[in-house]
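Accompanying notes for the structure given below.
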Amino acid sequence: MGLHFACQMSFLALPSFLFEIDMASLKAVPEMDAQEAADEHARLVVEIEGHDRRYYQDDAPSISDGDYDELRKRLGEIEERFPALKGVASPSSKVGAAPSERFTKVRHAVPMLSLANAFADEDVTDFLGRVRSFLRLPADAPLPVLAEPKIDGLSANLLYRGGKLAVGATRGDGTEGEDVTPNLKTIADIPEQLNGTDVPDTIEIRGEVYMAKDDFLALNTRQAAEGKQIFANPRNAAAGSLRQLDAGITAKRPLRFFAYGWGEASSLPAESQSDVVAAFARWGFVTNPLTRLCTSAEELLAHYRAIELERGALPYDIDGVVYKIDALDLQRRLGQVARSPRWAIAHKFPAEKATTVLIGIDVQVGRTGSLTPVAKLEPVTVGGVVVQNATLHNEDEIARRDVRIGDTVTVQRAGDVIPQILGPILEKRPSDAVPYVFPKTCPVCGSHAVREVNPRTGREDVVRRCTGGLICPAQAVERLKHFASRNAMDIDGLGDKQIETFYRDGLIARPADIFTLEARDARSLKKLKDREGWGATSVRNLFAAIDARRTVPLNRFLFALGIRHVGEITAKLLARHYKDVVTLQEAAVEAASREGRAWNDLVAIDGIGPIVADAVVEFFAEEHNRSAVEDLLEHVTTEELAGPVSADSTVAGKTVVFTGTLERITRDEAKAMAERLGAKVAGSVSSKTDLVVAGPGAGSKLKKASELNIEVISEDEWFTRVGA
DNA sequence: ACCCCTCGAGTTCT
DNA sequence: CTCGAGGGGT
């Protein structure tokens with residue numbers, strides 16, 4: 001969706017007010033009038049929900065448990081005095097009796113990870129090679145791998161306590177899903193009670209909820225006959241059926257379940273993936289019959305091809321084959337990278353392709369000024385979804401593929417999600433089609449758009465950027481969206497749509513304007529609540545959401561500024577090193593001269609090199625950026641980044657350096673292990689290092705450690721210390 | 001001087 | 001999710 005602005009939009013200078021909220025001592029509840037109570041209630045709801053989200057989803061609570069309890073208590077008091085405020089919108093309804101309109105969120109005890117993908121045979125052999133080298137297994141050592149079809153459904157997590165189904169949830173974002181227990185209980189393949197002598201006290205069973213193909217067709221026939229919604233494919237039908245608020249409806253839908261894995265478990269009935277899954281079958285689950293234990297790459301690939309041949313004849317949809325290292329001790333040693341395990345991979349079937357006509361190319365302007373071409377396509381169904389847009393990435397990509405407007409092009413959904421344009425079908429090219437000429441000026445503000453030259457490589461950057469900066473309305477809007485977005489300032493109710501209209505109407509032009517919105521609205525004749533689509537409640541909620549972010553963790557604030565090359569992680573690094581914005585700004589200004597300590601300090605931070613440091617320096621060198629930050633700080637207080645709240649291991653929060661040859665595990669394993677225990681692994685010894693683990697052959701790092709008086713231990717001592 | 005991995009930035013659709 | 005760039009190690 002492109003932005004459509006009147007091209008010559010004047011840059012709006014908005015009055016900036018000093019604004020202070022009256023955070024004076026809270027009134028005793030009985031003295032409040034209904035309006036005050038409603039206001040405070042709304043404010044508390046937003047604040048509590050924000051904390052909940054940070055706690056459950058981001059794993060980064062920003063207040064103490066005690067303070068959080070205070071907020072909940074205050075909310076309870078107000079609701080007791082003004083029961084009308086107890087609504088579905090209140091987080092208190094989660095613990096209260098009122099049934100929520102949505103499903104309750106459930107946090108998975110062990111996150112539900114996603115799998116890395118393999119598309120070619122080579123990716124599979126690479127995977128096995130990586131596993132062997134990570135584990136230091138010789139090429140001829142046996143390495144059993146379990147292969148099973150990847151069912152195209154939705155994964156679910158079933159928590160059994162004492163053998164009884166306690167909670168069933170969807171995968172959600174992997175960390176937190178929705179509680180759909182009553183719905184899952186209607187599925188015949190899901191036992192409510194597990195039978196067996198080796199059933200653990202507590203175990204989370206994981207598997208796939210799906211709908212068989214013929215059941216899906218029958219359901220659609222029935223739905224059509226009753227004039228109800230028909231589903232695009234079995235997966236959508238399964239998802240729609242599972243997420244019914246009325247479990248009675250789910251019961252009438254022919255859902256099935258294959259068990260294939262587990263999350264938290266108080267104990268396990270076996271020491272290999274295949275044996276544990278076999279135990280699931282004994283306990284009463286259905287497991288997939290095409291599961292096979294293989295011992296070589298050839299065998300895995302043969303099984304893949306066998307399944308691929310049988311694919312059409314199978315009673316359910318599948319989109320690939322999953323390979324899992326069978327031995328659980330090896331799985332544990334392999335651990336995980338980012339959010340997928342290193343011991344499993346999904347070998348996908350080739351993506352479905354379709355052809356359609358390229359009817360146009362839009363150019364979007366990003367917050368950094370980047371011009372991104374987006375293909376406008378004649379709508380076409382690919383993999384069960386109608387695709388109308390597809391990114392063309394950049395200028396070079398269009399030239400490389402030589403796609404022209406009017407061309408018939410091949411489209412596929414890569415990794416099953418993002419549509420990709422593979423290229424034109426030349427035989428179908430209209431005779432008058434001309435090569436696409438990428439605009440050299442910004443389509444929104446008309447400024448020159450240039451490809452910067454990378455100072456390191458001397459090569460041109462792939463992206464062309466609008467040089468309009470401040471005067472480009474598209475950039476201004478995108479920056480504001482970024483500022484308010486969930487991982488940045490996280491201002492609820494100030495979404496993309498709102499920002500676009502507020503900007504267009506001159507209400508918000510710069511970040512600081514967000515925080516003066518309420519005060520200006522109070523004086524304005526044209527009130528927000530009179531705008532179309534707005535009411536008194538939504539305005540109150542918005543102001544409450546804004547107020548809730550008048551204090552934010554420094555890392556969020558820095559990320560929100562949108563400094564080039566400073567994303568979430570780098571913002572955290574900066575926040576950890578400089579305890580407030582002013583300190584960072586002073587350091588950046590000082591570093592501009594490259595004399596004195598400031599520049600060296602900046603580049604010394606692990607993860608920050610000259611390019612990133614330069615971006616920070618340049619940001620604060622701009623007068624308008626400094627004044628934007630200054631104005632923001634009139635309204636926003638930053639707080640220090642809370643230290644990593646991690647496992648109570650002895651090395652949690654410590655910075656560890658591994659050096660020399662490690663004999664029991666590889667370097668990668670050591671790093672993964674330390675990180676699992678909440679430690680930060682650094683590459684070189686500095687004053688920030690807490691612990692050095694040295695193997696034989698350690699050299700300069702060991703010397704440096706003793707100079708700095710840092711504790712050095714051996715690999716064996718490391719294992720003792722972390723209790724492994 | 002390269003190679004690998006992580007991070008940033010941009011994107012689609014339900 | 002994917003691509004390219006940046007950082008850091010070899």
Side-chain angles (χ1 to χ4, degrees), chain A residues 1-2 114-117 119 126 130 133-134 154 229 231-233 235-237 239-240 243 337-340 342 346 348 351 362-377 379-394 396-397 400 411-421 451-457 459-465 475 478-479 481-482 485 487-488 496 559 562-573 602-615 657-659 667-668 671-672 675 681-684 700-701:
Chain A
M1 203 188 310
S114 51
L115 297 180
N117 290 320
F119 296 99
D126 283 355
R130 270 200 311 276
S133 81
F134 192 96
L154 14 14
Q229 172 205 8
F231 297 98
N233 53 51
R235 196 169 65 85
N236 284 359
R243 297 187 74 257
V337 243
R339 46 175 218 306
S340 48
R342 240 186 303 248
K348 294 292 194 76
D362 269 11
V363 175
Q364 288 183 10
V365 183
R367 81 178 150 87
T368 60
S370 57
L371 303 189
T372 308
V374 177
K376 296 286 156 184
L377 304 167
V380 63
T381 306
V382 192
V385 167
V386 179
V387 171
Q388 301 192 65
N389 303 310
T391 177
L392 284 164
H393 296 115
N394 55 58
D396 292 355
E397 176 80 7
R400 197 160 40 231
V411 181
Q412 77 169 18
R413 293 214 303 149
D416 265 358
V417 186
I418 315 266
Q420 256 181 1
I421 296 205
R451 294 174 66 164
E452 289 159 19
V453 173
N454 185 314
R456 269 199 332 181
T457 60
R459 284 216 313 264
E460 260 190 350
D461 202 349
V462 199
V463 291
R464 189 173 283 277
R465 289 176 205 278
Q475 286 190 51
E478 296 305 310
R479 277 196 303 265
K481 287 180 187 170
H482 170 75
S485 67
N487 294 330
D496 292 1
F559 174 53
I563 303 170
R564 270 250 254 163
H565 299 126
V566 178
E568 271 187 273
I569 306 286
T570 310
K572 260 186 204 162
L573 296 177
L602 200 51
V603 190
I605 301 172
D606 192 14
I608 294 185
I611 306 266
V612 176
D614 231 11
V657 173
F658 292 93
T659 182
R667 238 187 160 65
D668 278 351
K671 187 168 184 216
E675 276 164 2
V681 178
S684 60
S700 62
K701 289 183 191 173

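Lettering follows sequence order; numbering is per chain, from 1. Computed over heavy atoms, backbone and side chain alike; hydrogens, waters and symmetry mates excluded.
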Contact under 4.0 Å: [X] side-chain N or O vs [N] OP1/OP2:
X       : N       : answer
R367(A) : dA9(B)  : yes
T391(A) : dT12(B) : no
T368(A) : dG8(B)  : no
N236(A) : dT14(B) : no
H393(A) : dC3(C)  : no
Q388(A) : dT12(B) : no

Between the protein and nucleotides 1-4 of chain B, list the N/O to N/O atom pairs that are separated by less than 3.5 angstrom.
none

Legend entry - Heavy-atom check, side chain of T368(A) versus side chain of R465(A), under 4.5 Å: yes
Legend entry - R451(A) vs N394(A) side-chain heavy atoms within contact, under 4.5 Å: no
Given [options], which nucleotide is nearest the side-chain atoms of [X]?
X       : options                  : answer
I569(A) : dG8(B), dG6(C), dC3(C)   : dG8(B)
V462(A) : dC3(C), dG4(C), dG7(C)   : dG4(C)
H565(A) : dG6(C), dG10(B), dT12(B) : dG6(C)

Legend entry - Integer-rounded Å distance: dG10(B) C1' and K481(A) NZ: 13 Å
Inset, instruction - Specify the closest pair of heavy atoms between I421(A) and A375(A), including all atoms of both residues, with the distance to one decimal. - result: CD1-CB, 3.5 Å
Legend entry - Residue list, side chain to side chain donor-acceptor pair (under 3.5 Å) with T570(A), at least two apart or on another chain: none
Legend entry - side chain to side chain donor-acceptor pair (under 3.5 Å) partners for Q388(A), two or more places apart: none
Inset, instruction - Would you mind classifying the nucleic acid contact of N394(A) as base, sugar-phosphate or nothing, using non-hydrogen atoms under 4.0 angstrom? - result: nothing
Inset, instruction - Assign V463(A) to base, sugar-phosphate, or nothing according to its heavy-atom contacts below 4.0 angstrom with the strands shown. - result: nothing
Legend entry - Donor-acceptor pair, side chain of H482(A) and main chain of F559(A), under 3.5 angstrom: yes
